Amino acid sequence: MDARFTELLAPFLKFLGTREITPDASLRELGLDSMQAIELLFAIEDTFGVTLPDDDMNDDTFATAGSLWTVVRAAVARHAADGTEVTAA
(Lines give C-alpha, C1' and ligand atoms only; values in the text may rest on other atoms or scores of the structure.)
Protein backbone atom coordinates (compact mmCIF):
# COMPACT_ATOMS: atom_id res chain seq x y z
CA MET A 1 0.00 0.00 0.00
CA ASP A 2 1.07 3.55 -0.70
CA ALA A 3 2.47 5.47 2.29
CA ARG A 4 0.21 8.43 1.49
CA PHE A 5 -2.77 6.09 1.70
CA THR A 6 -1.88 4.66 5.10
CA GLU A 7 -1.06 8.13 6.48
CA LEU A 8 -4.42 9.38 5.22
CA LEU A 9 -6.26 6.37 6.63
CA ALA A 10 -4.75 6.38 10.14
CA PRO A 11 -6.69 9.35 11.61
CA PHE A 12 -9.99 7.67 10.69
CA LEU A 13 -9.13 4.53 12.71
CA LYS A 14 -9.77 5.46 16.33
CA PHE A 15 -8.79 2.02 17.64
CA LEU A 16 -5.54 1.75 15.65
CA GLY A 17 -3.31 2.84 18.50
CA THR A 18 0.33 2.05 17.73
CA ARG A 19 -0.48 -0.83 15.41
CA GLU A 20 0.65 -0.78 11.80
CA ILE A 21 -1.99 -0.66 9.07
CA THR A 22 -1.72 -3.90 7.13
CA PRO A 23 -3.68 -4.94 4.02
CA ASP A 24 -5.81 -7.36 6.06
CA ALA A 25 -6.60 -4.82 8.79
CA SER A 26 -10.37 -4.65 9.34
CA LEU A 27 -11.42 -1.03 8.98
CA ARG A 28 -14.60 -1.56 11.01
CA GLU A 29 -12.74 -3.25 13.89
CA LEU A 30 -10.27 -0.36 13.90
CA GLY A 31 -13.12 2.11 14.34
CA LEU A 32 -14.16 3.30 10.87
CA ASP A 33 -17.89 3.99 10.91
CA SER A 34 -20.18 4.89 7.99
CA MET A 35 -19.93 8.66 8.49
CA GLN A 36 -16.16 8.50 8.67
CA ALA A 37 -16.12 6.32 5.56
CA ILE A 38 -17.76 9.17 3.64
CA GLU A 39 -15.22 11.66 4.99
CA LEU A 40 -12.43 9.23 4.12
CA LEU A 41 -13.79 8.86 0.61
CA PHE A 42 -13.62 12.63 0.06
CA ALA A 43 -10.12 12.78 1.56
CA ILE A 44 -8.93 9.98 -0.76
CA GLU A 45 -10.39 11.67 -3.81
CA ASP A 46 -8.77 15.00 -2.87
CA THR A 47 -5.40 13.50 -2.00
CA PHE A 48 -5.08 11.26 -5.03
CA GLY A 49 -6.94 13.48 -7.50
CA VAL A 50 -9.34 10.72 -8.49
CA THR A 51 -13.03 9.94 -8.40
CA LEU A 52 -13.87 6.53 -7.00
CA PRO A 53 -16.64 4.74 -8.92
CA ASP A 54 -20.03 4.55 -7.20
CA ASP A 55 -20.14 0.81 -8.00
CA ASP A 56 -17.09 0.31 -5.77
CA MET A 57 -18.56 2.11 -2.76
CA ASN A 58 -19.81 -0.86 -0.77
CA ASP A 59 -19.12 -2.86 2.38
CA ASP A 60 -16.64 -5.13 0.59
CA THR A 61 -14.51 -2.17 -0.49
CA PHE A 62 -14.41 -0.77 3.04
CA ALA A 63 -13.87 -4.17 4.70
CA THR A 64 -10.07 -3.99 4.94
CA ALA A 65 -7.31 -1.51 4.24
CA GLY A 66 -6.20 -3.75 1.37
CA SER A 67 -9.62 -3.90 -0.28
CA LEU A 68 -9.94 -0.12 -0.13
CA TRP A 69 -6.40 0.34 -1.45
CA THR A 70 -7.20 -1.96 -4.40
CA VAL A 71 -10.02 0.39 -5.47
CA VAL A 72 -7.88 3.50 -4.93
CA ARG A 73 -4.96 2.01 -6.87
CA ALA A 74 -7.25 1.11 -9.78
CA ALA A 75 -8.67 4.67 -9.84
CA VAL A 76 -5.14 6.14 -9.85
CA ALA A 77 -4.16 3.81 -12.70
CA ARG A 78 -7.23 4.84 -14.72
CA HIS A 79 -6.35 8.49 -14.21
CA ALA A 80 -2.76 7.86 -15.29
CA ALA A 81 -3.98 6.01 -18.38
CA ASP A 82 -6.19 8.99 -19.25
CA GLY A 83 -3.05 11.11 -19.29
CA THR A 84 -4.00 13.23 -16.32
CA GLU A 85 -1.37 13.97 -13.74
CA VAL A 86 -2.02 12.52 -10.31
CA THR A 87 -0.40 14.38 -7.43
CA ALA A 88 -1.03 14.73 -3.75
CA ALA A 89 -3.17 17.73 -2.82
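What you see is a predicted model, and the numbers here were worked out from it, not measured in a lab. Values reported hereafter were calculated over all heavy atoms of this structure, with side chains retained and with hydrogens, waters and symmetry mates removed. All residue numbers refer to positions in the sequence shown, counting from 1.
Note that CZ of Phe62 is 6.0 Å distant from CG of Leu40, once rounded to the nearest 0.5 Å. Taken from OG1 in Thr51 to NE2 in His79, the straight-line distance is 5.5 Å, to the nearest 0.5 Å. In this structure, CG on Leu68 lies 12.0 Å from CG on Asp60, to the nearest 0.5 angstrom. To the nearest 0.5 Å, atom OG1 of residue Thr47 and atom CZ of residue Arg4 are 7.5 Å apart. Note that CE of Met57 and CG of Leu52 are 4.5 Å apart. Values are rounded to the nearest 0.5 Å.
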Worksheet item: Given Phe15 and Glu29, is the side chain to side chain contact (heavy atoms under 4.5 Å, CB included) satisfied, shown in steps?
Response: CA-CA 8 Å; Phe15 303 130; Glu29 288 178 12; over 6 Å; no
Item to complete: With side chain to side chain contact (heavy atoms under 4.5 Å, CB included) as the test, would you mind laying out the steps for Asp2 and Arg73 before giving the verdict?
Response: CA-CA 9 Å; Asp2 184 289; Arg73 186 180 58 213; over 6 Å; no
Item to complete: Carefully, step by step, assess Phe42 and Ile38 under the rule side chain to side chain contact (heavy atoms under 4.5 Å, CB included).
Response: CA-CA 6 Å; Phe42 291 138; Ile38 293 168; 3.6 Å; yes
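Summarising the geometry of Leu16 relative to Ala10, their closest heavy-atom pair is CD2-CB, 4.0 Å, with the distance given to 0.1 Å. For Met1 against Gly66, the heavy-atom pair with the smallest separation is SD-N, 4.1 Å.
Judged purely by atom type and a 3.5 angstrom limit, Arg28 uses its side chain to pair as donor or acceptor with the backbone of Leu32. In this structure, the side chain of Gln36 engages the main chain of Asp33 through a donor-acceptor pair within 3.5 Å. Thr61 places a side-chain N or O within 3.5 Å of a backbone atom of Asp56 that can act as its donor or acceptor partner.
Side-chain contact of Ser67 with Thr70: a donor-acceptor pair under 3.5 Å is absent, judged by distance alone.
Enclosure of atom CG in Asp59 is not indicated, since only 12 or fewer non-hydrogen atoms of other residues, nucleotides or ligands lie within 6.0 angstrom.
Under the 4.5 Å side-chain criterion, counting only non-hydrogen atoms from C-beta, Leu9 is in contact with Leu27. Residues Phe5 and Ile44 are in side-chain contact: their nearest non-hydrogen atoms beyond the backbone lie under 4.5 Å apart.
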